[in-house]
**Q** 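Have a look at this one.
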Amino acid sequence: AISISLDGPSGGDATYGTLLLEATPTAGVSSVEFLVDGTVVGSDNSAPFELEWDSTTGADGFRAVTARAVRNGTPVAATSSVTVDVWNCQ
């Protein structure tokens, strides 16, 4: 079975600006999608699977980050979410 782990960010991180999202799936996936609050904010088609997310595109506050493995256009596995605290209004 295909599985995926979210390598970054760590839960509870406070951040502003650009945040690096990283995931590691098992073999057999064509891409990894990164989601913030359930909405896809980008994807990567090759290892290392990562995305620089511009946190200024959304509201400040707690955001749930997840990643999901995609095979042939269909999501096949997802990570548990981690919560980050976005604080761009400094």
Side-chain angles (χ1 to χ4, degrees):
I2 294 174
S3 64
I4 184 169
S5 63
L6 188 62
D7 303 324
S10 298
D13 281 358
T15 189
Y16 61 92
T18 302
L19 180 64
L20 183 63
L21 310 180
E22 303 171 279
T24 304
T26 55
V29 302
S30 51
S31 66
V32 169
E33 294 177 333
F34 295 94
L35 299 85
V36 175
D37 294 336
T39 300
V40 176
V41 294
S43 63
D44 193 352
N45 297 325
S46 61
F49 294 96
E50 57 189 28
L51 175 76
E52 290 186 351
W53 172 57
D54 179 4
S55 70
T56 65
T57 60
D60 287 352
F62 294 103
R63 299 286 164 250
V65 177
T66 56
R68 64 185 176 198
V70 177
R71 184 180 198 175
N72 299 323
T74 303
V76 291
T79 65
S80 298
S81 66
V82 297
T83 301
V84 294
D85 187 5
V86 175
W87 187 251
N88 287 303
C89 298
Q90 299 183 22

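Note: hydrogens, waters and symmetry copies are ignored here, and every other heavy atom, side chains too, is used.
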**Q** Where do A1 and T26 come nearest, in terms of heavy atoms and distance?
**A**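 Of all heavy-atom pairs spanning A1 and T26, the closest is O-OG1, 4.1 Å.
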
**Q** Distance check, rounded to the nearest 0.5 Å: F49 atom CZ versus S31 atom OG?
**A**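 OG of S31 is found 7.5 Å from CZ of F49.
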
**Q** According to a hydrophobic-cluster definition based on side-chain heavy atoms being under 4.5 Å apart (Ile, Leu, Val, Met, Phe, Trp, Tyr only), do V82 and V41 belong together?
**A** yes

**Q** Looking at every non-hydrogen atom in both residues, tell me the closest pair between I4 and R68 and how far apart they are.
**A**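 I4 and R68 have their closest heavy atoms at CD1-C, 3.8 Å.
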
**Q** With no hydrogens and no angle check, is any side-chain donor or acceptor of D85 less than 3.5 Å from a backbone partner on G12?
**A**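 Not at all, since once roles are kept as given, no pair shorter than 3.5 Å links the two residues.
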
**Q** Output yes when a side-chain donor or acceptor of D44 lies under 3.5 Å from a complementary backbone atom of E50, and no otherwise.
**A** yes

**Q** Is there a side-chain contact between L21 and P9, using heavy atoms and a 4.5 Å cut-off?
**A**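 Result yes, sub-4.5 Å side-chain heavy-atom pair found.
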
**Q** Partners of T74 by side chain to side chain contact (heavy atoms under 4.5 Å, CB included), sequence neighbours excluded?
**A** none

**Q** Whether the side chain of T83 engages the backbone of R63 through a donor-acceptor N/O pair (distance < 3.5 Å, no angle test) should be reported.
**A**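 Not confirmed, T83 side chain does not pair with R63 backbone.
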
**Q** Which atom pair, heavy atoms only, marks the closest approach of G38 to L35?
**A**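 The answer is O-CD2, 3.6 Å.
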
**Q** Which heavy-atom pair separates L51 from F34 by the least distance, and what is that distance?
**A**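 Smallest interatomic distance, heavy atoms only, reads CB-CD1, 3.6 Å.
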
**Q** Give the minimum heavy-atom separation between T57 and D54, together with the two atoms involved.
**A** OG1-O, 2.9 Å

**Q** Kindly determine whether V84 and V86 satisfy side chain to side chain contact (heavy atoms under 4.5 Å, CB included), including the steps that lead there.
**A** CA-CA 6 Å; V84 294; V86 175; 4.3 Å; yes

**Q** So which heavy atom on A69 is nearest to which on I2, and how close?
**A**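 It is CB-CG2, 4.1 Å.
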
**Q** Please report the interatomic distance CG(N88) to CG(D60), rounded to the nearest 0.5 Å.
**A** 5.0 Å

**Q** Hey, could you give me the OG1/CH2 distance between T18 and W53, rounded to the nearest 0.5 Å?
**A** 10.0 Å

**Q** Is there a donor-acceptor contact under 3.5 Å from the side chain of T79 to the main chain of A67?
**A**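 Pair found, side chain donor or acceptor close to backbone of A67.
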
**Q** Go through T24 and D7 one step at a time and tell me if the side chain to side chain donor-acceptor pair (under 3.5 Å) criterion holds.
**A** CA-CA 7 Å; T24 304; D7 303 324; 2.3 Å; yes

